[in-house]
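Contents: one structure, followed by commentary.
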Amino acid sequence: MRTLETLSGGEWVATGEWIDVQNPADVRTPVARVPALAAKDVTRAYDHAERGFAGWKRTSPFERARVLTEAARLIRARAEEIAADVTAENGKTLAEATGETLKAADFLEYYAGLARRGYGTLLHDVRPNHRTHTQREPIGVILVISPWNDPLITPARKLAPLLAAGNAAVFKPATETPLSGLHFARALHDAGLPAGVLNVVTGRTAQIEGALLDDPRVVGVTFTGSNAVGNRIRRRLADRNVRFQGELGGKNASVVLGDADLPAAARAVAAASFGQAGQRCTATSRVVVAQPVYDEFTRLLVGEVEALTTGPGSDPATTLCPLSSPRQRDSVLADLNRAVEQGATVLTGGAADTRGDRAHGCFVQPTVLAGVTPETAIWREEVFGPVLVVRAVAGFAEAVDAVNDSDFGLAAAVFTRDLANAYRFADEAECGQVAVNTTTTGWDVHLPFGGFHDSGTAYKEQGDEVLRFSTRVKTVAINIGAPERTRG
């Protein structure tokens, strides 16, 4: 078993305690072990970040861009090794892990470009002989808390823009999937990121949560994860001047109208629902289908789902990977059992997959449920697994009502050939991301990303919108004096 160190103050360090990292395809043998840092180690990481920020904020944007660009090159060069570790610790297929690795490099390259561009606006000033502009500046030391479902791309999405803008970071990867985050940190370190600008805290959250959140040097927290944890963090920060960026839960719906291309819609919905075993914040988990095409669409959808091949992510034949931990597997199975108790009908799947070596992993059959009402728990609550619920509605208006009847508002899609209905849906869906005739997943690096309602906070991720979180605006007015008259 490999033993890895973590990055703090520009050095790779370890402690006397360790965390074993499991392979969700077979939990019998750990993949590696990483340091279990203590509260004092977290404080030391903030010491390093404070010093790192003092120099990094004054570093030329062109040098920042160079570091990010070189880190992207290193990630691409190491893609095979990194993707193998993503698959080993998270479970996703090697194809999914490779795509995640290359997308992490895309984030670094995109924000390297923004670092070169500069951020600000020239403004008119009512006072004569004044030139006024705004400029954006880094805010300081930011705490980054990333989840286990996208263990490489989420740190890239969060860290690349805040580093490009001149901030420093203390980064806490998920306890279940720290290897991916350490690969990202190593690429930045090897690219020449100055000591202390990025510090990685591997450890058990319960033991270090207070040290992470209560340090007075924290000026911003960016978190992706559950609503329960996100709301706990928000409350803990409430009486301090600390920014909070939260990308939280979702219960994303796809609408299939009567004029849709049904085979194409079934393929897209299945891809959005069962990629990464449904462990995506933008995964489709509800399907709202116009009654006249309900039977035909459901038949096509079940066919797509039953064609999936469950297995370890390292097997090229696998199209449905395991869930990321025994705890997540058991949670999904409990949700399925409760749904059946509440009257849901299982169209396919509905249980754990324990065939052969799968008995030692976290496998759940891809599942499609019907026979639910708007009040059924599995229709309203996030499951975060390979589970899709289908419900019929009368038409467009009822479909929009069904989409919006949710505490969440992250992503939604509509499948239709009617351009008017496409635009109406885009206007009326209460979601931060709306797709037409495509999946609820797959939002590229330059596209602002974030949800409404309980799905997130006002600070978006991705694109240049993310700079609202990681920078502050300063207005500068310069009196250039009256111009001297010259003789003609």
Side-chain angles (χ1 to χ4, degrees), residues 7 10 49 52-79 81-83 86 98-121 135-142 144 146 150-171 173 180-200 220 222 224 245 443-450 459-473:
L7 181 65
F53 173 62
W56 186 241
K57 69 179 180 180
R58 295 182 174 87
T59 299
S60 162
F62 299 99
E63 172 60 13
R64 294 183 211 148
R66 186 203 65 76
V67 171
L68 268 61
T69 301
E70 174 62 9
R73 187 194 68 79
L74 291 171
I75 286 175
R76 294 187 190 281
R78 301 166 181 174
E81 173 192 357
I82 295 173
V86 173
T98 301
E100 179 168 350
T101 302
L102 298 178
K103 189 63 71 176
D106 288 347
F107 272 107
L108 287 164
E109 290 170 341
Y110 176 76
Y111 287 105
L114 281 190
R116 291 174 176 273
R117 192 186 73 183
Y119 331 113
T121 306
Q135 59 193 45
R136 287 189 172 269
E137 301 176 343
I139 60 174
V141 177
I142 298 176
V144 175
S146 70
D150 285 318
L152 182 63
I153 199 172
T154 303
R157 175 188 291 126
K158 293 177 180 296
L159 286 165
L162 72 86
L163 294 175
N167 298 283
V170 171
F171 164 40
S180 305
L182 290 172
H183 273 298
F184 191 75
R186 184 168 292 280
L188 285 161
H189 174 268
D190 293 352
L193 188 71
V197 176
L198 173 61
N199 307 274
V200 185
T222 176
T224 296
Q245 179 186 56
W443 303 91
D444 207 355
V445 299
H446 62 291
L447 305 176
F449 180 84
Y459 290 115
K460 287 263 190 177
E461 296 187 316
Q462 302 189 180
D464 58 7
E465 270 290 305
V466 71
L467 297 174
R468 293 181 54 240
F469 169 71
S470 57
T471 64
R472 62 187 185 185
V473 177

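Along the sequence shown, residues are numbered consecutively beginning with 1. Everything quoted here is computed from the prediction, not taken from an experiment.
Of all heavy-atom pairs between Val197 and Gly52, the closest is CG2-O, 3.8 Å. Residue Ala169 comes nearest to Leu162 through the heavy atom pair CB-CD1, 3.8 Å, listed as atom of the first residue, atom of the second, then distance. What you find for Ala191 and Ala71 is that their closest heavy atoms are CB-N, 3.5 Å. Ala165 approaches Leu467 most closely through the heavy-atom pair CB-CD2, 4.5 Å. Minimum heavy-atom separation, Thr98 to Ala83: OG1-CB, 3.6 Å.
Here the CD1-CD distance, from Ile75 to Glu81, works out to 11.5 Å after rounding to the nearest 0.5 Å. In this structure, CD in Glu109 is found 7.0 Å from OG1 in Thr69, a value given to the nearest 0.5 Å. To the nearest 0.5 Å, the span separating CG on Leu7 from CG on Leu188 amounts to 9.0 Å. Here Thr222 contributes atom OG1 and Asn167 contributes atom CG; the two are 11.5 Å apart, rounded to the nearest 0.5 Å. Between His189 atom NE2 and Leu182 atom CG the span is 12.5 Å, to the nearest 0.5 Å. Atoms CG and CZ, from Asp190 and Arg73 in turn, are 10.0 Å apart once rounded to the nearest 0.5 Å.
At least one side-chain heavy atom of Leu102 sits less than 4.5 Å from a side-chain heavy atom of Arg76. Side-chain contact check for Pro173 versus Val200: some heavy-atom pair is nearer than 4.5 Å. When side chains are defined from C-beta on, Gln245 counts as touching Val466, because their heavy atoms get closer than 4.5 Å.
For Tyr110, the ring pair (Phe, Tyr, Trp, His ring centres under 6.0 Å) criterion is met by no residue, not counting sequence neighbours. Applying the side-chain contact (heavy atoms from CB on, under 4.5 Å) criterion to Lys57, with sequence neighbours excluded, gives Phe53, Pro138. For Ala65, the side-chain contact (heavy atoms from CB on, under 4.5 Å) criterion is met by Ala112, Ala115, Arg116, not counting sequence neighbours. For Ser146, the side chain to side chain donor-acceptor pair (under 3.5 Å) criterion is met by no residue, not counting sequence neighbours. Residues passing the side-chain contact (heavy atoms from CB on, under 4.5 Å) test with Arg136, sequence neighbours excluded: Tyr119, Arg468, Thr471, Val473. The side chain to side chain donor-acceptor pair (under 3.5 Å) test applied to Asp150 returns Lys92, Gln276, not counting sequence neighbours. The side chain to side chain donor-acceptor pair (under 3.5 Å) test applied to Glu137 returns Gln135, Arg472, Lys474, not counting sequence neighbours. Checked against salt bridge (charged side-chain N to carboxylate O under 4.0 Å, His left out), Lys103 has the following partners two or more places apart in sequence or in another chain: Asp106, Asp444. Partners of Ala160 by side-chain contact (heavy atoms from CB on, under 4.5 Å), not counting sequence neighbours, listed by chain and number: Phe107, Leu108, Tyr111. With sequence neighbours excluded, the residues satisfying side chain to side chain donor-acceptor pair (under 3.5 Å) with Thr224 are Lys158.
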For side chain to side chain contact (heavy atoms under 4.5 Å, CB included), just list the numbers for Glu70 and Val67, CA-CA rounded to whole Å, side-chain angles, deciding distance to a tenth of an Å, and then say yes or no.
CA-CA 5 Å; Glu70 174 62 9; Val67 171; 6.0 Å; no
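Judged by distance alone, the side chain of Trp56 and the main-chain N or O of Ala168 form no donor-acceptor pair under 3.5 Å. With hydrogens and angles ignored, the 3.5 Å screen pairs no side-chain donor or acceptor of Arg58 with any backbone N or O of Gly166. Counting only distance, with no hydrogens or angles, the side chain of Glu100 and the backbone of Ile153 share a donor-acceptor pair below 3.5 Å.
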